[in-house]
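Order of listing sets the numbers, starting from 1, for every ligand and every atom in it. These values consider heavy atoms only, across backbone and side chains, with no hydrogens, waters or symmetry-generated copies.
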Amino acid sequence: MAREQWATRIGVILAVAGSAVGLGNFLRFPGQAAANGGGAFMIPYFISLLVLGIPLCWAEWTMGRYAGIRGFNSAPAVYAAIWKNPLAKYCGAFALLIPLVVYMYYVVIEAWCLGYAIDYLNGNLMQVKDADGFSSHFSDFVGAGENGALLTGSSPLVWLVIITFICNFVLIYRGITKGIEAFCRIAMPLMAILAILVLVRVLTLGTPDPAKPDQSVAGGLNFMWNPDFATLAKPETWLAASGQIFFSLSVGFGIVINYSSYLRKKDDVALSGLTSNSMNEFFEVCLGGLITLPAAFIFMGMAAGEQGTFDLGFKALPNVFALMPGGQFFGFLWFFMLFIAAITSSLSMLQPVIAFLEEGFGLKRHASAALLGLIAALGCGFVLYFSKGLGALDTFDFWVGTMLIFVLALIQTLIYGWVFGIHKGHAELHTGAHIRVPWFVQLIVKYVSPIYLLVIFIGVCATTGPGYVKTMTENPVVMGSVAFIGTVFAFLLLMIHIAGRRWDAQGKFENIQELHD
Ligand code: PFF
């Protein structure tokens with residue numbers, strides 16, 4: 001079978017940026033910043049970007065292309081090609097588990113966005129009055145009141161999830177160039193235009209209520225960006241900032257490694273990696289950071305900062321759209337933009353698993369997509385059923401979308417820094433490169449990133465760990481969700497084991513030819 005490859009350089013950059021830019025930029029980032037000291041949050045945020053995000057991203061791009069041109073695409077095979085140890089391929093289980101489980105809940109939130117966009121289009125959401133109204137609308141819509149509430153047949157959400165699922169699978173079925181690349185080339189500029197339109201609307205709101213002169217655009221920006229330096233002393237702030245960097249850049253998920261494996265030997269990775277990261281930061285800091293929270297502040301005042309991420313996005317913001325001139329139109333633009341942003345991200349969660357099923361078992365695209373669809377649908381059904389208080393969704397997000405990312409990121413820095421080797425890495429990174437990357441970046445990946453990650457990881461375990469274990473044991477849904485994740489993990493390990501035997505029989509790793517110019 002001919003090797004799949006990106007068609008154009010801008011296409012691969014937009015695809016990686018499409019994976020990165022998503023709900024994390026517009027909903028998670030403003031929520032995290034507000035909860036962790038506003039402007040002061042940006043200090044650990046930018047340090048994490050420089051020490052973890054960008055260096056690790058380069059490491060993933062480099063290893064991915066290195067393995068890709070030697071014929072390996074999925075994380076288990078990529079790790080095994082680099083680290084000649086029988087354990088290596090099993091490390092790849094994390095790089096399949098993370099995108100797969102994140103997909104199971106991310107696609108549900110994606111369907112919320114689609115639902116809200118449709119409800120703006122048909123005017124339904126403009127009928128809802130006051131904060132309580134929006135709160136109960138959201139709670140009913142996502143089934144937060146009772147487990148099983150969504151599966152009674154009358155809930156539109158299940159249908160929206162099915163539509164969203166189909167959109168994702170149609171695109172993934174079409175493959176790297178015709179599906180992912182073609183969609184991201186249209187979606188990314190479209191998202192930028194829609195977000196800029198909403199931004200202009202928010203920044204020209206002035207002071208809508210003359211009786212509350214503080215609640216102005218300037219007040220909103222001040223509220224988002226004014227630093228509360230006292231939060232810098234708290235370890236949680238540093239944890240939140242580095243977690244946000246990973247989630248947002250899609251680094252440490254096993255995605256970049258897979259996407260970059262479809263490059264050619266001489267394709268640049270240094271500038272491409274930096275460009276996609278910069279695009280993500282533009283969407284996050286300039287668009288996400290200037291829209292969501294300032295808008296909420298203008299209409300709600302200080303109460304805006306006390307909202308959780310979903311409260312901010314799905315209760316407070318609709319309330320804001322209800323009050324602003326042209327709110328129905330801008331509400332539609334906003335949620336439609338979120339929906340597209342989420343699709344370009346969820347696509348990227350499917351591709352690593354598809355690649356593994358094809359590489360590990362020789363499946364054709366329709367078989368791999370069908371099998372993955374079945375597994376993903378099971379998980380998604382689980383999230384939809386255990387909807388009370390968003391129990392399953394939150395648990396998946398905590399264990400996989402937060403904790404396991406640190407584990408995989410650590411594994412990847414170790415494989416790159418200590419097995420692949422930073423001298424080889426530096427040389428590989430510069431093959432076909434359009435910029436020069438200073439040598440100290442390699443030293444960061446080898447020494448600084450693993451220590452920084454370990455300190456943060458131990459910090460998370462020490463601060464959130466004990467309280468979390470207590471809630472976990474008290475709540476059967478949380479326990480069940482953890483068991484579900486464990487089962488998927490065990491299943492993936494088994495699949496990797498079977499694939500490994502096939503690879504051994506084929507002698508796949510025996511003569512990894514060193515490609516020379
Ligand atoms: N980076 C995406 C965002 O900011 O919304 C989220 C994401 C993408 C998470 C891809 C996980 C993933 F595998």
Side-chain angles (χ1 to χ4, degrees), residues 14-33 45 48-49 52-53 56-57 60 64 74-75 92 94-110 112-113 164 168 171-172 180 184 187-188 191 195 240-260 273 276-289 292 309-310 313 337-356 372 376 379 393 396-409 412:
L14 290 177
V16 175
S19 167
V21 178
L23 302 171
N25 300 56
F26 299 105
L27 298 178
R28 201 173 187 275
F29 170 72
Q32 294 281 340
Y45 177 88
S48 302
L49 176 70
L52 294 175
L56 264 176
C57 199
E60 282 200 37
S74 68
F94 289 106
L96 301 178
L97 179 78
I98 297 177
L100 179 59
V101 174
V102 172
Y103 178 85
M104 292 169 182
Y105 67 86
Y106 201 88
V107 77
V108 173
I109 308 173
E110 198 168 312
W112 297 352
C113 297
T164 312
N168 276 294
L171 288 170
I172 211 74
I180 301 177
C184 289
M188 291 300 290
M191 271 149 60
S242 45
Q244 176 60 25
I245 285 294
F246 283 135
F247 192 88
S248 182
L249 293 179
S250 299
V251 164
F253 284 85
I255 284 174
V256 175
I257 224 170
N258 170 249
Y259 270 21
S260 55
S276 56
N277 285 347
S278 314
M279 278 189 198
N280 183 64
E281 290 315 299
F282 169 73
F283 273 94
E284 181 144 302
V285 179
C286 302
L287 299 177
T292 319
T309 299
F310 292 146
M337 190 275 300
L338 285 186
F339 176 66
I340 300 178
I343 290 208
T344 56
S345 297
S346 57
L347 277 181
S348 71
M349 302 169 199
L350 295 173
Q351 181 58 32
V353 191
I354 289 272
F356 169 68
L372 174 61
L393 192 155
F396 282 14
D397 185 44
F398 176 78
W399 280 105
V400 181
T402 314
M403 299 296 269
L404 281 186
I405 311 180
F406 282 100
V407 177
L408 181 59
Q412 287 194 159

**Item:** Polar atom proximity, Val102 to ligand 1 (N or O, under 3.5 Å)
**Value:** no
**Heavy-atom closest contact (Ile245 atom, Ser48 atom, distance)** = CG1-CB, 3.8 Å
**Asked** If we only count heavy atoms from C-beta on, is the Tyr259 to Ile180 side-chain gap below 4.5 Å?
**Response** yes
**Asked** Just by distance, do the side chain of Ser346 and the backbone of Ile343 share a donor-acceptor pair under 3.5 Å?
**Response** yes
**Prompt:** Can you list the steps and then say if Val21 with Thr344 is a side-chain contact (heavy atoms from CB on, under 4.5 Å)?
**Reply:** CA-CA 8 Å; Val21 178; Thr344 56; 5.7 Å; no
**Request:** Pull out every atom of ligand 1 sitting under 4.0 Å from any heavy atom of Ser248, numbered as shown with elements.
**Result:** 1 (N), 4 (O)
**Prompt:** What part of Ser348, side chain, backbone, both or neither, has a heavy atom within less than 4.0 angstrom of ligand 1?
**Reply:** side chain
**Prompt:** Going by distance only, is there an N or O of Ser19 that falls short of 3.5 Å from an N or O of ligand 1?
**Reply:** yes
**Prompt:** Who's the nearest protein heavy-atom neighbour of atom 3 (C) of ligand 1, and how far?
**Reply:** Ala20 O, 3.3 Å
**Message:** Return the closest protein heavy atom for atom 1 (N) of ligand 1 as residue, atom name and distance.
**Reply:** Phe247 O, 2.7 Å
**atom 8 (C) of ligand 1 [closest protein heavy-atom partner, distance rounded to 0.1 Å]** = Ser250 OG, 3.3 Å
**Asked** Do Leu287 and Phe282 have side chains that get closer than 4.5 Å, going by heavy atoms?
**Response** yes
**Prompt:** Can you check whether Met349 has an N/O within less than 3.5 Å of an N/O in ligand 1?
**Reply:** no
**Item:** Closest protein heavy atom to atom 13 (F) of ligand 1, given as residue, atom name and distance to 0.1 Å
**Value:** Ile255 CD1, 2.5 Å
**Closest protein heavy atom to atom 11 (C) of ligand 1, given as residue, atom name and distance to 0.1 Å** = Phe253 CE2, 3.1 Å
**Message:** I want to check something: taking the side chain as every heavy atom from C-beta on, are Ile257 and Gln412 in contact at a cut-off of under 4.5 Å?
**Reply:** yes
**Asked** Numbering the atoms of ligand 1 from 1, which are under 4.0 Å from a heavy atom of Leu23?
**Response** 5 (O)
**Message:** With respect to Pro99, determine whether any N or O atom, backbone or side chain, lies less than 3.5 Å from an N or O atom of ligand 1.
**Reply:** no
**Request:** Run the contact test for Tyr106 against ligand 1 with a 4.0 Å cut-off on heavy atoms, strictly below, and give the result.
**Result:** yes
**Message:** Taking Ala341's backbone N and O only, do any of them form a donor-acceptor pair with Ser345's side chain (distance below 3.5 Å, no angle check)?
**Reply:** yes
**Prompt:** Have Ser248 and Glu284 got a donor and an acceptor in their side chains that come within less than 3.5 Å?
**Reply:** yes
**Message:** Minimum heavy-atom separation for Ile98 and Val400, please, with both atom names.
**Reply:** CA-CG1, 3.6 Å
